[in-house]
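Comments concern the structure below.
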Amino acid sequence: MANDRNVARALLDRQGRTYAEEAGISLTDRPGPLYQLLVLTTLLSTRIRAGVALAAARELFTAGYRTPQAMEAASWQDRVDALGRGHYRRFDERTATMLGTGARLCLDRWHGDLRRMHREADGDRTALRRLLTEFPGIGPTGADIFLREVQAVWPDVRPYADRRTLAGARRLGLPANPGGLAGLVGGADFGRLASALVRVALGQESADEVSRTAAAR
């Protein structure tokens, strides 16, 4: 267990940011940041490199599309142009449409506040996953991304570890179950650990380098 904790700490030292943080989202349990996470989730759900999705999210937010009201008010072409500046080009037209439709759904169904969705699910992760997949472009994988990130501010979701998180854990020889991983870090750090393990699973971080860093402690 002590060795596993060393590996987890080494991983956090090397890859200690969530994807939301990397996209410039200061995630809190407030309508704006939660909507921004939904936008990032939509972008990450497409078959495109994570780095491109993150860059596109930053461009959308820089353009001012940080709320569902602003996203819907933007023209389709404005959304396409922002995605293009982030080099999100293969799926830019389709994604621009989905972002507009998703913003309208967020306003109509949840009055622009995803905390209402959280309350409706009442701590039921299965219900949350189902509600998330009602947004265009967000399927089961996208729901996993959202829940993996939002657990930082929705403690009742923790510990949430999707299949990519567990794949990263297996590469590092860590417990491949949410409970076992949760025992390695404090609750507030679990979302960061989950994101870091995804980077290991996707080859964005070397399992060997993490193990060497841990051994050198």
Side-chain angles (χ1 to χ4, degrees), residues 1-29 33-34 36-62 86-88 125 140-217:
M1 178 65 79
N3 182 62
D4 287 350
R5 287 199 180 99
N6 279 340
V7 171
R9 181 52 54 187
L11 179 58
L12 286 177
D13 288 346
R14 294 173 62 88
Q15 295 286 347
R17 290 201 298 170
T18 65
Y19 283 94
E21 288 170 333
E22 201 169 339
I25 301 169
S26 298
L27 192 59
T28 59
D29 191 22
L34 292 173
Q36 292 156 32
L37 177 58
L38 185 73
V39 170
L40 176 61
T41 297
T42 304
L43 300 177
L44 286 169
S45 295
T46 307
R47 291 174 184 250
I48 202 161
R49 288 188 298 111
V52 173
L54 291 163
R58 289 191 291 267
E59 289 294 339
L60 287 165
F61 302 150
T62 297
H87 305 289
Y88 197 97
R125 294 190 214 173
T141 297
D144 281 339
I145 292 169
F146 186 94
L147 294 174
R148 190 179 70 222
E149 295 281 318
V150 84
Q151 67 183 321
V153 295
W154 288 353
D156 59 322
V157 174
R158 290 200 298 259
Y160 194 88
D162 62 344
R163 60 183 180 80
R164 284 180 175 169
T165 299
L166 299 180
R170 282 190 286 271
R171 286 194 181 187
L172 285 169
L174 297 177
N177 62 83
L181 290 173
L184 304 180
V185 295
D189 280 336
F190 190 81
R192 295 170 56 229
L193 177 64
S195 292
L197 288 169
V198 169
R199 291 185 175 94
V200 173
L202 296 177
Q204 297 166 353
E205 173 58 276
S206 165
D208 289 342
E209 288 296 327
V210 173
S211 296
R212 278 195 284 271
T213 300
R217 288 172 176 270

Exercise. Are T18 and L27 side-chain neighbours, meaning at least one heavy-atom pair lies under 4.5 Å?
Worked result: no
Heavy-atom nearest pair, G86 first then A55, reads O-CB, 3.8 Å
Note: A207 and L172 closest approach over all heavy atoms is O-CD2, 3.6 Å
For A57 and L40 the tightest heavy-atom approach is CB-CD1, 3.9 Å
Please list every donor-acceptor pair under 3.5 Å in which a side-chain atom of residues 42-53 meets a protein atom from a residue at least two apart or in another chain.
{"residue": "T42", "atom": "OG1", "partner": "L38", "partner atom": "O", "Å": "3.0"}
{"residue": "S45", "atom": "OG", "partner": "T41", "partner atom": "O", "Å": "2.7"}
{"residue": "T46", "atom": "OG1", "partner": "Y88", "partner atom": "OH", "Å": "2.8"}

Smallest heavy-atom separation, A176 atom then A169 atom, equals CA-CB, 4.4 Å
Sequence neighbours excluded, the answer for side chain to side chain donor-acceptor pair (under 3.5 Å) partners of Y160 is R129, D144
Salt bridge (charged side-chain N to carboxylate O under 4.0 Å, His left out) filter on D13, not counting sequence neighbours, yields R217
Residue set satisfying side chain to side chain donor-acceptor pair (under 3.5 Å) with S211, at least two apart, ordered chain then number -> none
So the salt bridge (charged side-chain N to carboxylate O under 4.0 Å, His left out) pairs with at least one residue in residues 157-179 (sequence neighbours excluded) are R148-D162
With sequence neighbours left out, the residues meeting side chain to side chain donor-acceptor pair (under 3.5 Å) with E205 are R14, Q15
Across all chains, not counting sequence neighbours, the side-chain contact (heavy atoms from CB on, under 4.5 Å) partners of A214 are N6, V7, A10
Closest non-hydrogen atoms of D4 and G173, given as atom of the first, atom of the second and distance, are OD1-O, 4.0 Å
Side chain to side chain donor-acceptor pair (under 3.5 Å) filter on R212, not counting sequence neighbours, yields E209
Without placing hydrogens or testing angles, list every side-chain donor-acceptor pair under 3.5 Å for residues 177-199, not counting sequence neighbours.
{"residue": "N177", "atom": "OD1", "partner": "G179", "partner atom": "N", "Å": "3.4"}
{"residue": "N177", "atom": "OD1", "partner": "G180", "partner atom": "N", "Å": "2.5"}
{"residue": "D189", "atom": "OD1", "partner": "R192", "partner atom": "NH1", "Å": "2.5"}
{"residue": "R192", "atom": "NE", "partner": "G16", "partner atom": "O", "Å": "2.6"}
{"residue": "R192", "atom": "NH2", "partner": "G16", "partner atom": "O", "Å": "3.3"}
{"residue": "S195", "atom": "OG", "partner": "E149", "partner atom": "OE2", "Å": "2.8"}
{"residue": "S195", "atom": "OG", "partner": "G191", "partner atom": "O", "Å": "3.4"}
{"residue": "R199", "atom": "NH1", "partner": "R17", "partner atom": "O", "Å": "2.7"}
{"residue": "R199", "atom": "NH2", "partner": "R17", "partner atom": "O", "Å": "3.2"}
{"residue": "R199", "atom": "NH2", "partner": "E22", "partner atom": "OE1", "Å": "2.7"}

